[in-house]
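What follows is a set of notes on a single structure, which appears directly below.
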Amino acid sequence: MKFTNGYWLTRDEYDVNSPAEAFSAKQNGKEMTVFAPYKRIKTRGDELNLGMTTIKLTSPVEDVIGVKLTHFDQDTHGPSYKLNNLDPDVNIDITDKHASLTSGKLSVNFPLRDEFDMSFTADGREVTSSKFKAQGEILNHDTGVHYMREQLSIGVDEKIYGLGERFGNFVKNGQEVRTTNQDGGTGSEQSYKNIPFYISNEGYGVFVDQPETIDYEIASENVDRVQFSVAGQSLQYYVIYGPTPQEILHKYTQLTGGIQLPPAWSFGLWLSTSFTTDYSEETVMKFINGMQERHIPLDVFHFDCFWQKGFEWSNMQWDRDEFPDPVGLIKKIHDKGIKVCVWLNPYIAQQGPMFEEGKKKGYFIKREDGNIWQWDLWQAGNAFVDFTNPDAVKWYQSKLKALLDMGVDCFKTDFGERIPVDDAVFFDGSDPKREHNYYTLQYNQAVFDILAQEKGKDEAVLFARSATVGSQKFPVHWGGDCLSNFKSMSDTLHGGLSFLSSGFGFWSHDIGGFEDGPGTPTPDLYKRWTQFGLLSSHSRYHGSDVYRVPWNFDDEAVENTRKFVNLKLSLMPYLYTQAAHDAAYGNPLMRPMWFNFKDDYNTHTIANQYMFGSQLLVAPVFNSEGNVHFYLPAGKWTSIIDDNEFYDVPEGGKWLTKAYDELSLPVLARQNTILLRNPKAVHADYDFTKDLDIHLFDMQEGSTTVAVVNQKGVDAGHVTVDRSGNTLKVTTDGLTGNATIYVHEDGQTTKAALDGTTATITL
């Protein structure tokens, strides 16, 4: 939202007041409050007929400083994000001339009785600041709506990332962003997952603690600043110092909630019925058997909307015409070692049997006249479950428990974005403007909690579309309704990397694209998206009106699927170890290049490739010609698909353009990588310490150790490589079975056996 007319003028409809000085400060325990009037105070008479902003400074986590700007002190009517307070030590220093609060390395500083300047400093430098006229207390005198605004300065080479799932340019500079969850697909400025948290390549992040819509102007209205504003009388935000992106996300998730590690089986291939296709028990078993006949491992089968009767979603009841014996069907699927997922949403159609029950008990969002809030979008007469009502939560969960008792393993929690704001009344009196984005947290928590209750937290997993702050506690999330074309495939990756830069650990997308348009995805698109999908943290075939089984495309699609499913399963000792460690620290498994190569500025704008864990680089193919334009930072890189693909990149990094056939793409291990694999894996959940291949890529002088976790994500073994000249000594502990060592050195591969727990290899 823009309030100015160019740099000098204010737009006609707005009155803007800004702090002119920090007049005084006081300490209250570990809090500091600064009083900032809207003009300089030179005489006692200047104190009359004058507004001010009260600035409250706190620190809930070390290296994190909270700032609350208040004009009029008015109550809000929930909900609010549930934040953790770790109660770190702080130092508050107030003199006649300055005031500061320090937490860890981060300080906020004010000159008193001088031109207003609120600066954040760490490690001897200014990280960001709120300069003179940056803050605003604003009234639209035409509408009577009041706003609070902040503008934080950015530097010459500074770049801004995050703000949830955004499908445009990965670098957010120059963009306007509104954090309102909307069902807008993956090709517009709208997003299913709005997270009011951004991260800077200058070593800090900013989380705006407001669940309602926030308007961002990111080096747009004022090109030297990131602006954010909300309607109301107060604005709360937190500055988080890293300085690395990994540390920033660690502290952000300490504040907003840790990332939950999903069960290992969820990392395997998910196959869906697709959306509007015809399917029955016969169709489902035909697809599952078809995958097995073609030796394509499958870990989860997903039933989309029409497992229920049309016009009745979500009624939580099987369509008995198509699925006369769901318990028997689920058992058949389980007997093949495959989990079962079913689709649901929080909207209850008027025709469905749940509607009358929910209406009678008052479990739906209402209008101000007391009637249920309904519309005909999605299903006729849709009502919305009111998750602010504890009894409604228990009721909804009871329907899910009945499905779990049948043998269902997990749920796809679709929707949760189109939650009414106008003329809406919630059970607990929550402000609908604040409830709109927050609703998805309540919805997904209700589903996750019943899964955790019935199956154990380690086995609980969702496949969710909408998200807000804290939703990282309820994985996994997928990217929503993308189009079946190469550009949308690229947009999907941009959205994923943006989302994963916003405090989330795990992410998926519809392999092949969701919306087919005329015809089906082309075979080349299907194969390229399959590669990308199986080199993402979670992998699901799904579409709208076309089945996504590979034999519907061509024989090479079958081979391609088999190859990349097997590749991912073989990598699970590496992937699940990385996932467990990253989740524990609040970091994503997939991450943008600059996270791992912060000092290489070439990586700071790259969004068409990514790191898969800390050691593997993936560059998907986004065109039918098979050409990939990708960047390699300095060092040695070796393909894990083709041993003949090796690069020794000099200082400064290197851009390459190379063509790949439809069974390949760049998947490169960086030097000094110990990559643990099991090429015989047939599911994603297996003993990650047994019968491993140990791949060593251009090991450097000295000692390097990696862990490997068990199926619960706990360290269970280690591999250590000590290099001295041309001699490598490999030592293991906690591994069982047979292990083979492959040494990849300057594009050449040497094979060796592990003798017990050690091996010595001379190159």
Side-chain angles (χ1 to χ4, degrees), residues 55-69 76 79-86 88 101 103-104 106 108 118 120 122 127-130 148-152 154 160-166 172 177-181 191 193-218 225-230 232 234-259 434 437-438 440-441 467-473 498-505 585-588:
I55 307 173
K56 181 179 177 181
L57 293 308
T58 57
S59 179
V61 174
E62 188 174 285
D63 292 324
V64 177
I65 291 178
V67 181
K68 186 172 184 180
L69 311 178
T76 58
S80 297
Y81 294 125
K82 295 176 176 64
L83 305 183
N84 299 316
N85 187 348
L86 305 186
L101 180 147
S103 172
L106 181 65
V108 59
M118 181 174 68
F120 295 87
V127 173
T128 188
S129 62
S130 176
M148 294 296 286
R149 179 192 74 190
E150 179 63 286
Q151 295 175 335
L152 295 180
I154 58 174
I160 303 299
Y161 313 88
L163 294 173
E165 175 187 60
R166 316 231 76 87
K172 302 302 183 292
V177 171
R178 297 201 85 203
T179 61
T180 302
N181 284 3
S191 170
K193 309 172 189 63
N194 289 269
I195 312 300
F197 166 69
Y198 66 82
I199 188 169
S200 164
N201 65 344
E202 289 298 318
Y204 71 97
V206 177
F207 162 50
V208 181
D209 181 18
Q210 305 278 163
E212 66 268 44
T213 295
I214 303 162
D215 285 290
Y216 286 87
E217 298 284 345
I218 308 155
R225 298 172 179 175
V226 175
Q227 172 178 301
F228 41 93
S229 59
V230 295
S234 65
L235 172 61
Q236 171 82 58
Y237 68 93
Y238 295 85
V239 175
I240 304 169
Y241 182 64
T244 67
Q246 290 85 354
E247 291 171 297
I248 297 166
L249 291 178
H250 170 61
K251 293 160 191 173
Y252 169 77
T253 53
Q254 282 186 303
L255 179 64
T256 62
I259 295 172
R434 294 170 68 89
N437 287 348
Y438 196 85
T440 181
L441 188 71
T468 189
V469 174
S471 295
Q472 66 268 15
K473 296 179 287 188
S498 184
F499 177 64
L500 293 164
S501 300
S502 305
F504 288 77
Y585 199 64
N587 277 217

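Note that the structure is predicted; figures quoted are calculated from it, not measured.
- At distances below 3.5 Å, at least one donor-acceptor pair connects side-chain atoms of Arg434 with backbone N or O atoms of Pro79.
- Rounding to the nearest 0.5 angstrom, the gap separating the CD1 atom in Ile195 from the CG atom in Asn437 is 8.5 Å.
- In terms of modelled atom types and a separation under 3.5 Å, the side chain of Gln236 and the main chain of Val67 share a donor-acceptor contact.
- Using modelled atom types, one finds a donor on one side chain and an acceptor on the other under 3.5 Å when comparing Gln472 with Thr256.
- A distance of 11.5 Å separates OG1 of Thr253 from CD1 of Ile248, quoted to the nearest 0.5 Å.
- A distance-only check finds a donor-acceptor pair linking the side chain of Thr179 to the backbone of Ile214 [under 3.5 Å].
- Here the closest heavy-atom approach between residue Asn84 and residue Gln254 is recorded as ND2-O, 2.9 Å.
- One distance of note links CG of Asp215 with OG1 of Thr180; it measures 7.5 Å at 0.5 Å rounding.
- Across all their heavy atoms, Tyr81 and Pro211 have their closest contact at OH-CA, 3.4 Å.
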List the steps, then state whether side chain to side chain contact (heavy atoms under 4.5 Å, CB included) holds for Asn201 with Tyr161.
-> CA-CA 8 Å; Asn201 65 344; Tyr161 313 88; 4.0 Å; yes
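- Residues Ser501 and Phe197 come closest through the heavy atom pair O-CE2, 3.8 Å.
- Interatomic distance, Arg178 CZ to Leu163 CG, rounded to the nearest 0.5 Å: 14.0 Å.
- In this structure the side chain of Pro588 reaches within 4.5 angstrom of the side chain of Leu249, judged on heavy atoms.
- Looking at Thr440 and Thr468, their side chains never bring a donor and an acceptor atom within 3.5 Å of each other.
- The line from CD1 of Ile240 to OH of Tyr198 is 10.5 Å long, rounded to the nearest 0.5 Å.
- Although no hydrogens or angles enter the test, the distance criterion places a donor-acceptor pair under 3.5 Å between the side chain of Ser502 and the main chain of Gly164.
- Within the 4.5 Å cutoff, side-chain heavy atoms of Leu152 are placed close to those of Phe228.
- Between Val469 and Phe207 the shortest heavy-atom distance is CG2-CE1, 3.7 Å.
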After noting the C-alpha distance and the side-chain angles of Ser103 and Tyr241, does the key distance pass the side-chain hydrogen bond (donor to acceptor under 3.5 Å, both in side chains) rule?
-> CA-CA 10 Å; Ser103 172; Tyr241 182 64; over 6 Å; no
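- The two residues Glu62 and Gly104 make their nearest non-hydrogen contact at CG-CA, 3.6 Å.
- For the atom pair OG (Ser200) and NZ (Lys172), the distance works out to 12.5 Å, reported to the nearest 0.5 Å.
- Not a single side chain to side chain donor-acceptor pair (under 3.5 Å) links Thr58 to another residue, sequence neighbours left out.
- No close placement of the Phe120 and Tyr204 rings is indicated, their centers lying 6.0 Å or farther apart.
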Could you go through the side chain to side chain contact (heavy atoms under 4.5 Å, CB included) check for Met148 and Gln210 one step at a time?
-> CA-CA 12 Å; Met148 294 296 286; Gln210 305 278 163; over 6 Å; no
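- Taking the six-membered ring where the residue is Trp, Tyr585 and His250 present parallel rings, their angle staying beneath 30° rather than reaching 60°.
- Closest heavy-atom contact between Pro60 and Tyr238: CG-CE2, 3.7 Å.
- Side-chain N or O atoms of Asp63 include none that pairs as donor or acceptor with a backbone N or O of Gly242 at under 3.5 Å.
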Val206 and Val226: CA distance, side-chain angles, deciding distance, side chain to side chain contact (heavy atoms under 4.5 Å, CB included) verdict | CA-CA 10 Å; Val206 177; Val226 175; over 6 Å; no
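- The 12-atom threshold is not exceeded at NZ of Lys56, counting heavy atoms of other residues, nucleotides or ligands nearer than 6.0 Å.
- Counting only N and O atoms by type, the side chains of Arg225 and Ser130 include no donor and acceptor under 3.5 Å apart.
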Evaluate side chain to side chain contact (heavy atoms under 4.5 Å, CB included) for Met118 paired with Val108, printing each intermediate quantity in order.
-> CA-CA 7 Å; Met118 181 174 68; Val108 59; 3.6 Å; yes
